[in-house]
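What follows is one structure encoded as structure tokens, with my remarks underneath.
All chains are named by letter (A, B, ...) in the order of the sequence lines, taking the proteins before the strands, and each is independently numbered beginning at 1.
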Amino acid sequence: MQNPLLKKLDFEKIVDALLPVLATFAALAVGAVMLVLLGANPLQAYAAMVEGAFGSTNSLADTIVRATPLLMVGLGICISFRGGVINIGGEGQLVMGAIGATVVGLWLPEVPAFFVVPLAMLAGFLAGAIWGGIPGALKAYFNVNEILSTIMMNAIAVQFMNYLLRDPLLDPDQFNAASKIPQTARLVQAFDLPRLVPTRLHLGAGIAVVLAILVYLFLWRTSIGYRIRAVGLNPDASRYAGIDVKRYIVLSLLLSGAFAGLGGAIQILGVHHRMFTDGSAMGFTGSAGFNGIVAALFGKLHPIGTIPASFLFGALLVGANKLQRVMQVPSAFIIALNGLVVVFVVSSEIWSRRRSRRRMSMSETLPELDGSNKLKKPGETQI
Amino acid sequence: MGEASSLLSGTARISHLEMKGIVKQFPGVLANDHVDFEVRAGEVHALLGENGAGKSTLMKVLYGMYKPNEGEILIDGLPAVILSPSDAIAKGIGMIHQHFMLVPSLTVAENVALGLRSSRGMLTDLKVVSERVIELAKLYGLLVDPSAYIWQLSVGQQQRVEIIKALYRGAALLILDEPTAVLTPQEVDELFVTFRQMVRDGHALIFISHKLHEVLNISHRVTVLRDGRVIGSVATEEATKEGLAQMMVGRDVGLKPEHKKVDVGKAMLELEDLWANSDRGVAALQGVSLQVRAGEILGLAGVSGNGQRELAEVITGLRNLIKGRVILGNKDITGKNPGEIMEQGLSYIPEERMRDGMIREFNISENAILREHHTQPFARRGFLNFPVITQYAGELVKKFNVKTPSLDTPAKNLSGGNIQKLILARELSRKPGVLIASQPTRGLDIGATEYIHTRLMEQRQEGTATLLISEDLDEILALSDRIAVIYEGQIMGIVERQNANAENLGLLMAGVRE
Ligand SMILES: Nc1ncnc2c1ncn2[C@@H]1O[C@H](COP(=O)(O)OP(=O)(O)OP(=O)(O)O)[C@@H](O)[C@H]1O
Ligand SMILES: [Mg+2]
């Protein structure tokens, strides 16, 4: 006979798993109210959205292309949050990774692609690693709050990008033309990532999925991953166990940045083929550095869970674009809808943890979101 | 409510609280199996049972932290619905957890006020709170300074703050889950004075402890749990240590381990003139020199807070030395980091094991390799070797009798004592050359204590050099070959086993040199 209690637990688990999806629907419902107020038919609008995201091979491909940087950033977020550090610097890391890849591509136009493309990716990976590693080291050795420092690193990356695109890396054609659009020259076509089907879908998506599996294996099957998780959950016990806690704080943020940086490189090689700016980070990243955080939370900070989460989020972004074009609502609506989904998903996550805590045990801790607090010792202040 | 039914603290009494047919099922464990339990105003009702018997679970049900699958709670004959700790507090039930929940960077008064509504709206009136704290402290003999910061207080003082906090919130019934486990014998006496005052005033107290002499000393009634079921209740007057042990375990326990003669070898751990500061920056070690030899247990006796913790941390590389040398085997390990030192064959059972000894969210297997996750055979070429790890964890669980539904269970789901056993199993199974054991049997039931003592003696026979840090003089006297006494960061004297007794150690512990 089956124990009715176990059945009940299974049910709770299913509810927990579906919660982000339900939260998304709740956000869409609020969005529907906004649409009505804007004088649009919400049913028609959401139909356009679904159509835009999944309606054809092309739109499906666009969705996946849009999801790829989210997944890359999200993988980094899985590592850093599991390691107890919060990385809000995805935007800057994407930008730096993209710059790294662009510089390599512009520098070696004559060299074969099988050499340059991996090298460009490596450059993106390293540039992101540096951009994540600096706040990591500041946190570990000078106790600087990583939330603030990663955000500041975003600002620095944007200014650096703007500087490069104003002069040193500016496209010679633009330089000669009066327009001076801030962008680099296009990388030679040989460096374009292969298209998988005759759409915009490129190899980068496949790379990201493979990396998700590797990150999973890294975190749960290797001794370094074990240490990262241990430090994230309990720095005191980790120190007592002989783990160099500071080193692993640096490593988590460094790897987190590296994955975002590689994501930036993939955007260059697979989508844009050149670096450009509208003055902010968003112009290039499309806010993937922030949305990737939400995708990772949506995926319960699990690399494999982050794959479908990124896909759904990508669909939302692509679909919302279509919605805006079809319904002629202000483009701010898309930003609002995006924000609603973020708020609903994050709150549902917090709510579900509270609930499960009440159900099972009061003393259960919230490892991921509490990570930063745990590193503080009583009496210590943080900047 | 009439005059007679209210307490000095001003709250109404709970004359009679009854838990009836409580069932609490966790995945794979029936923690409470139709438990009946009651407590009356003016009595201390002790709850006894082995590690994992279901004591904490029953109390968490009463305090609204767990929702029982079956059963009901009656207060003064009326059914009470307690769905959360705030419900429990509103009904006059307070609970002191074994692990305090105070904010170290706030003062006593601020901690008491935390989460309360205040008479001045948003701003908490700390002066009013302080006055009330002083008043309650006087009533029940719980002296603390309301303006002191929590981090400045000893464990015993922090516990008083917890009790005051509960009384401030109007507790008429107080649950104390192993309150004495972390106290010095003197602090236990002080706590019992408070208990007696509260009971005389008409409070109802539920007291959990593994120390039978404490139970016999303070309680009026004893209820024994085993495997989630009530084995029986007896009036304390009619109870004996042996009888209670028999009820708990179902066999005779509490035998002193045999202290066989062992030939001591060369010095395995040499401490030369160690100086170090405490977390607060005051001198905690002032020139400590000791030697521990192979096959020897050196007991370190002393009232807690006299440098024991700092000494252990200095040896294990967790704290910086100001001056002095530490030699392990033949190697100078001064200034080395904890990882390097532990690889040289040093095991360490830290005092604050719940915080420093394991990772709550990791499962049993993961916790079993906390120290050795990166070494053969648990890791190969950087990858964890799970078949070997689970087999090893299974052996530890079996040998040390850790009660758990599976090896995949997160450590936080084990009972307090079973978590302790897991950590002890890990540290003792490394076959260390040198073992630093800090309060090794704290929180263990009598059967487990006996087993740990036997293991320590076995290791001694195999040539381990053990530094045993304990506040339990009986434990020190039973196990040690020599006993060093520490007082204010200095070694007051070293007494050979045959010359040591509670009196001469007690004098040294108080800082009196003969
Ligand atoms: N939150 C939980 N989830 C799953 N199982 C639990 C949980 N809490 C307790 N258990 C299980 O219930 C049983 C009883 O645990 P409990 O903590 O009540 O024991 P205890 O009598 O307080 O023991 P100890 O003396 O070691 O503190 C144990 O086997 C434990 O593994
Ligand atoms: Mg317990």
> Which atoms of B:Ile341 come close to chain A, meaning under 4.5 Å heavy atom to heavy atom: side chain ones, backbone ones, both, or neither?
Replying inline: neither
> Without hydrogens or angle criteria, can the side chains of A:Tyr240 and B:Glu313 be said to hold a donor-acceptor pair below 3.5 Å?
Replying inline: yes
> Based on non-hydrogen pairs under 4.5 Å, which of B:Met342, B:Arg355, B:Glu343, B:His97 is most in contact with chain A?
Replying inline: B:Arg355
> What part of B:Phe386 lies closer than 4.5 angstrom to a heavy atom of chain A: side chain, backbone, both or neither?
Replying inline: side chain
> What part of B:Tyr348 gets closer than 4.5 Å to chain A, counting heavy atoms only: side chain, backbone, both or neither?
Replying inline: side chain
> What's the spacing between B:Leu384 CG and A:Ile224 CD1 if we round to 0.5 Å?
Replying inline: 10.5 Å
>> Give me the atom names and distance for the closest heavy-atom approach of A:Leu233 to B:Phe362.
In response: CD1-CE1, 3.3 Å
> Can you tell me if CZ on B:Arg430 sees more than 12 non-hydrogen neighbours from other groups inside 6.0 Å?
Replying inline: yes
>> Set out, in order, the CA-CA distance, both residues' side-chain angles and the distance that settles salt bridge (charged side-chain N to carboxylate O under 4.0 Å, His left out) for B:Glu361 and A:Arg229, then state yes or no.
In response: CA-CA 10 Å; B:Glu361 293 78 7; A:Arg229 288 184 301 125; over 6 Å; no
> If you round to the nearest 0.5 Å, how far is CG of B:Asn385 from CZ of A:Arg221?
Replying inline: 11.0 Å
> For the atom pair CD1 (B:Ile359) and OG (A:Ser238), what is the distance rounded to the nearest 0.5 Å?
Replying inline: 4.0 Å
>> If we ignore hydrogens and angles and just use 3.5 Å, is the side chain of A:Asn234 paired with the main-chain N or O of B:Met358 as donor and acceptor?
In response: yes
> Taking atom OG1 of A:Thr222 and atom NE2 of B:His374, what is their separation to the nearest 0.5 Å?
Replying inline: 13.5 Å
> Could you state the interatomic distance from CG (A:Asp236) to CE (B:Met354), rounded to the nearest 0.5 Å?
Replying inline: 14.5 Å
>> So which atom in B:Gly357 and which in A:Ala237 form the shortest heavy-atom distance, rounded to 0.1 Å?
In response: N-CB, 4.3 Å
>> I need the A:Ile243 CD1 to B:Arg371 CZ distance, nearest 0.5 Å.
In response: 10.0 Å
